[in-house]
Amino acid sequence: MKKYFLPLGVLGIFMTIAVTLWLTQDNIFYLFNFSYIGISIFFGIFLYIKKYKYARRVAQLLVGLYMLVYLGFICGENMQIEGFWYYLFTGVFEAATIHYAVAKIFGPLLFGRGWCGYACWTAMVLDFLPYKVPKTPRKKIGWIRYITFAISLIFVSVLFLAHIGNIERIMFWAFIIGNAIYYIVGIILAFVFKDNRAFCKYICPITIFLKPMSYFSLLRIKCDKSKCVSCGKCKNVCPMEVDVTDNSRKRKNGTECILCFECVKNCPRDAL
Ligand code: SF4
Ligand code: SF4
Ligand code: SF4
């Protein structure tokens, strides 16, 4: 029963958010939206416990496709970072601002970068590429993320300062074009650096929020040193090059753990 605490806990968090937002915002959409996401992630972790090989990918597709196709393409909500700035500047707490608050700003205090492992529609595609574990050493180009972050902020600021009309329509097209660029750049980088997650490591602007918040994450993989035999298997299978045998919060690439559990699955001593 103990092994079900994690999925049930995650489901409980999402159901609490769903009911709270439904009642406080007087909008039943939030009940549907966050229940669906919570159940999808619960299902993914449940399949993982049942040792289904593609458990995480199931959750990723269920949440990622829902957000990309239904919320993005059909409902016209821009959930990318420019959509967050847009809703923030208009001063309303809905759509992308709620999404960012839950998944990318305050949520990571509880579940770290679970978003990156189980829900992101960009990584949902990148994870299908052949380089699940990086085949080349990490590059020192993480500063690019600050540029993409600044570009998104400047882009939306200019739209507001110049009093451009019909910004909502522009946001819709920014979502389509922005996603296309993310996919193209992400796929090219994955092949150039032989690393599916190169886009996450160097380009993604959302990591500006995700990394500092997940540093304090309640949920994190820990190593039982009394069982560990320093075989190094955990590090060899980690897509984010986390030094998971170091339990300190300052461990190497610690703010990049996407909670994929590949290290846990591959540890011969059940030390993680
Ligand atoms: S780092 Fe960015 S692109 Fe990668 S999974 Fe996280 S949010 Fe998605
Ligand atoms: S795979 Fe397990 S035993 Fe091997 S180094 Fe990692 S934690 Fe230790
Ligand atoms: S392999 Fe382990 S340390 Fe690496 S990202 Fe996945 S869960 Fe985190």
Side-chain angles (χ1 to χ4, degrees), residues 6 45 48 55-57 59-60 63-64 67-68 79-81 83-84 96 99-100 102-105 107-108 111-129 132-134 138 142 144-145 148-149 152 178-179 181-187 189-190 195-214 217 219-249 251-272:
L6 176 62
I45 306 175
Y48 170 80
R56 186 176 67 86
R57 310 305 316 282
Q60 232 177 358
V63 183
M67 298 195 77
L68 179 70
M79 295 282 175
Q80 299 275 76
I81 193 159
F84 169 68
H99 166 62
Y100 269 70
V102 173
K104 294 160 178 173
I105 298 177
F111 45 74
R113 286 180 60 173
W115 164 263
C116 299
Y118 294 79
C120 173
W121 58 86
T122 308
M124 169 186 84
V125 170
L126 299 179
D127 279 354
F128 277 111
L129 300 177
K132 305 213 179 315
V133 177
R138 185 173 276 249
I144 298 175
R145 70 168 71 96
T148 49
F149 185 86
S152 70
N179 268 300
I181 294 173
Y182 277 16
Y183 283 131
I184 292 167
V185 172
I187 291 168
L189 279 186
D195 179 358
N196 287 358
R197 290 279 181 157
F199 182 87
C200 303
K201 290 169 192 169
Y202 311 126
I203 311 285
C204 179
I206 300 161
T207 53
I208 305 282
F209 297 128
L210 289 168
K211 281 169 78 70
M213 299 312 263
S214 62
S217 174
L219 185 65
R220 54 200 294 272
I221 311 278
K222 285 195 190 144
C223 177
D224 181 343
K225 296 280 188 188
S226 65
K227 291 184 182 169
C228 176
V229 290
S230 304
C231 67
K233 279 194 180 160
C234 48
K235 289 177 207 165
N236 290 340
V237 296
C238 178
M240 305 305 281
E241 299 149 308
V242 179
D243 182 2
V244 74
T245 53
D246 175 1
N247 283 329
S248 93
R249 290 203 177 260
R251 65 189 174 194
K252 192 174 162 211
N253 301 322
T255 57
E256 304 212 343
C257 175
I258 56 169
L259 298 172
C260 65
F261 296 119
E262 283 304 315
C263 52
V264 179
K265 265 195 274 184
N266 284 280
C267 174
R269 301 280 307 203
D270 276 339
L272 297 170

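One-based numbering, in listed order, for ligands and for the atoms of each.
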Would you mind listing which atoms of ligand 1 come within a distance below 4.0 Å of any non-hydrogen atom of Ala123?
5 (S)
Please state which protein non-hydrogen atom is closest to atom 7 (S) of ligand 1 and give its distance, to 0.1 Å?
Trp115 NE1, 3.4 Å
Can you name the atoms of ligand 1, numbered from 1 with element, that are less than 4.0 Å from a heavy atom of Thr207?
1 (S)
Is the NZ atom of Lys222 crowded by more than 12 outside heavy atoms at less than 6.0 Å?
no
Atom 2 (Fe) of ligand 3 and Cys257: any N/O/S contact shorter than 2.8 Å?
no
Distance from atom 8 (Fe) of ligand 1 to nearest protein heavy atom, with residue and atom
Cys120 SG, 2.3 Å
Which residue supplies the protein heavy atom nearest to atom 4 (Fe) of ligand 1, what is that atom called, and how far is it?
Cys200 SG, 2.3 Å
Whether Cys234 has an N, O or S atom under 2.8 Å from atom 6 (Fe) of ligand 2
yes
Val229 heavy atoms, cut-off 4.0 Å: which ligand 2 atoms fall inside?
3 (S), 8 (Fe)
Looking only at non-hydrogen atoms, which of Gly117, Pro205, Cys204, Cys116 approaches atom 3 (S) of ligand 1 most closely?
Cys204
Take atom NZ in Lys252; do more than 12 heavy atoms of anything else shown fall under 6.0 Å from it?
no
Residue, atom name and distance, where the atom is the protein heavy atom closest to atom 1 (S) of ligand 1
Arg113 NH2, 3.3 Å
I need the nearest protein heavy-atom contact for atom 6 (Fe) of ligand 3: residue, atom name and distance, please.
Cys260 SG, 2.3 Å
Protein heavy-atom partner closest to atom 5 (S) of ligand 3 - residue, atom, separation in Å:
Ile258 N, 3.5 Å
Ranked by distance from atom 2 (Fe) of ligand 3, the top protein heavy atom is Cys263 SG, 2.2 Å
